[in-house]
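What you see below is based on every heavy atom in this structure, not just the backbone, and it leaves out hydrogens, waters and symmetry mates.
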There are 2 protein chains.
Amino acid sequence: MVLSAIKTAVEELVAERGSERVTIPMVAERAGVNPTSVYRRWGDASTMINDIATYRLDPGRPLPKGDDLRTLLTEWADEIIRHYSDPVHAAILRGGAASAGQSQSDCLRNRRAEAGMLVQQAAPVPGITVERVIDHIVAPIVYRVIFIPDSLDETLAPRLVAELFD
Amino acid sequence: MVLSAIKTAVEELVAERGSERVTIPMVAERAGVNPTSVYRRWGDASTMINDIATYRLDPGRPLPKGDDLRTLLTEWADEIIRHYSDPVHAAILRGGAASAGQSQSDCLRNRRAEAGMLVQQAAPVPGITVERVIDHIVAPIVYRVIFIPDSLDETLAPRLVAELFD
DNA sequence: GGGTTAATGCAAACATTGTTGCGTTAGACT
DNA sequence: AGTCTAACGCAACAATGTTTGCATTAACCC
């Protein structure tokens with residue numbers, strides 16, 4: 001299928017060269033596809049990358065279930081960290097960051113929606129709001145993914161959650 | 001001066017079009033400079049943008065002085081927030097994010113150094129480390145600047161500091 | 001001043017990227 | 001099967017971006 005070949009090519013190239021250095025002819029060649037097809041679908045490289053970024057980041061995956069917010073958040077954060085530990089996904093997120101603020105391209109909005117669902121679904125904990133989850137769980141993870149990717153490890157999720165709760 | 005004209009042109013264009021859609025000929029034209037000069041200095045657009053991002057973000061400005069870490073951090077955070085409330089600076093930061101992870105281009109490393117200096121210089125507070133300042137002050141600010149710029153206001157700095165200390 | 005070096009402008013070749021019209025294929029529906 | 005539509009490939013073309021060699025300027029250092 002054409003689209004999945006393109007998707008793979010984009011991911012590889014963004015990881016190899018950074019989102020700013022990926023061009024449509026490059027993607028087309030690697031995907032074994034005619035550049036025209038890519039141009040017609042997206043118009044230019046940055047909308048293509050952003051589209052694929054949000055596509056990839058929002059699989060309809062199930063959220064952790066349960067009552068204990070602390071456990072829920074730890075599992076959820078850990079899954080996000082594992083996801084972005086893949087350099088390909090990290091690179092795609094950087095591409096998403098570049099086009100954020102532009103038009104309506106925010107590849108993380110679904111993560112924020114997830115945070116809201118978790119906080120609502122669990123037994124309420126005084127002082128734990130969606131905003132604080134964003135600021136103290138999501139933001140540190142995303143910051144590290146983008147700027148200091150080597151600092152991601154399996155201790156991060158429990159630590160951030162602990163720092164939020166205690 | 002050539003360099004400052006280029007710097008201004010890059011900032012304007014990145015804010016107008018997003019970092020991914022800024023080309024060297026565009027910058028050269030707006031700066032009233034020959035494209036050749038830009039090519040020779042930086043080679044390509046993304047290293048140029050990243051270079052200017054770090055340049056702009058690291059003026060040799062003085063850090064807040066004092067003994068009380070809480071006050072220091074609040075002032076420091078507030079200054080960062082005010083800086084990035086300018087859409088031009090926010091756009092440039094997004095450009096820096098795009099090329100982070102690539103080689104050694106991390107336009108925020110000096111902010112982290114500053115955090116270290118503040119924590120060291122002030123009277124020590126148990127449990128407040130550089131890492132926690134990064135995770136719970138810098139990261140939320142940067143996250144908001146990049147993805148939800150409208151959410152920056154003058155209440156953010158004190159709130160983040162309070163959440164870190166209490 | 002004379003000499004050296006680095007930065008810049010200019011113009012021309014060159015390479016890459018983006019666009020368009022048209023023909024072909026593939027799938028869906030009747 | 002026949003028809004319709006959307007997606008794709010192809011090739012020619014147009015526009016843009018990049019490199020190069022050379023001349024000019026400006027700053028710096030004897």
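Ring geometry for A:H83 against A:H89 counts as parallel: the plane angle stays under 30°, on a 0 to 90° scale with 60° as the upper cut.
Remark on DNA chain C: of its neighbouring residues A:I24 and B:R40, the 5'-side contact belongs to B:R40, judged by nearest-heavy-atom nucleotide.
Here the C1' atom of nucleotide C:dT8 and the CH2 atom of B:W42 are 13 Å apart, to the nearest Å. If you take CE of B:M26 and P of D:dA15, they are 18 Å apart, rounded to a whole angstrom. Atom CD in B:E29 sits about 12 Å away from atom C1' in D:dT16, given to the nearest Å. Here D:dC8 presents its P atom at 7 Å from CD1 of A:I6, a figure rounded to the nearest Å. The distance between atom CG of B:N34 and atom C1' of D:dC22, rounded to the nearest whole Å, is 13 Å.
The side chain of A:S37 places an N or O atom within less than 4.0 Å of a non-bridging phosphate oxygen (OP1 or OP2) of D:dG9. Look at B:Y39 and you'll find a side-chain N or O under 4.0 angstrom from OP1 or OP2 of D:dT18. When the side-chain nitrogen and oxygen atoms of B:T36 are compared with OP1 and OP2 of C:dG9, none of them lie within a distance under 4.0 Å.
Checking B:R94 against B:S19 by side-chain atom types alone, no donor-acceptor pair falls below 3.5 Å.
With salt bridges taken as basic N to acidic carboxylate O contacts below 4.0 Å, none links B:D153 and B:R144.
No side-chain heavy atom of A:R111 sits less than 4.5 Å from a side-chain heavy atom of A:V142.
A donor N or O paired with an acceptor N or O is not found under 3.5 Å between the base of D:dG17 and the side-chain atoms of B:R21.
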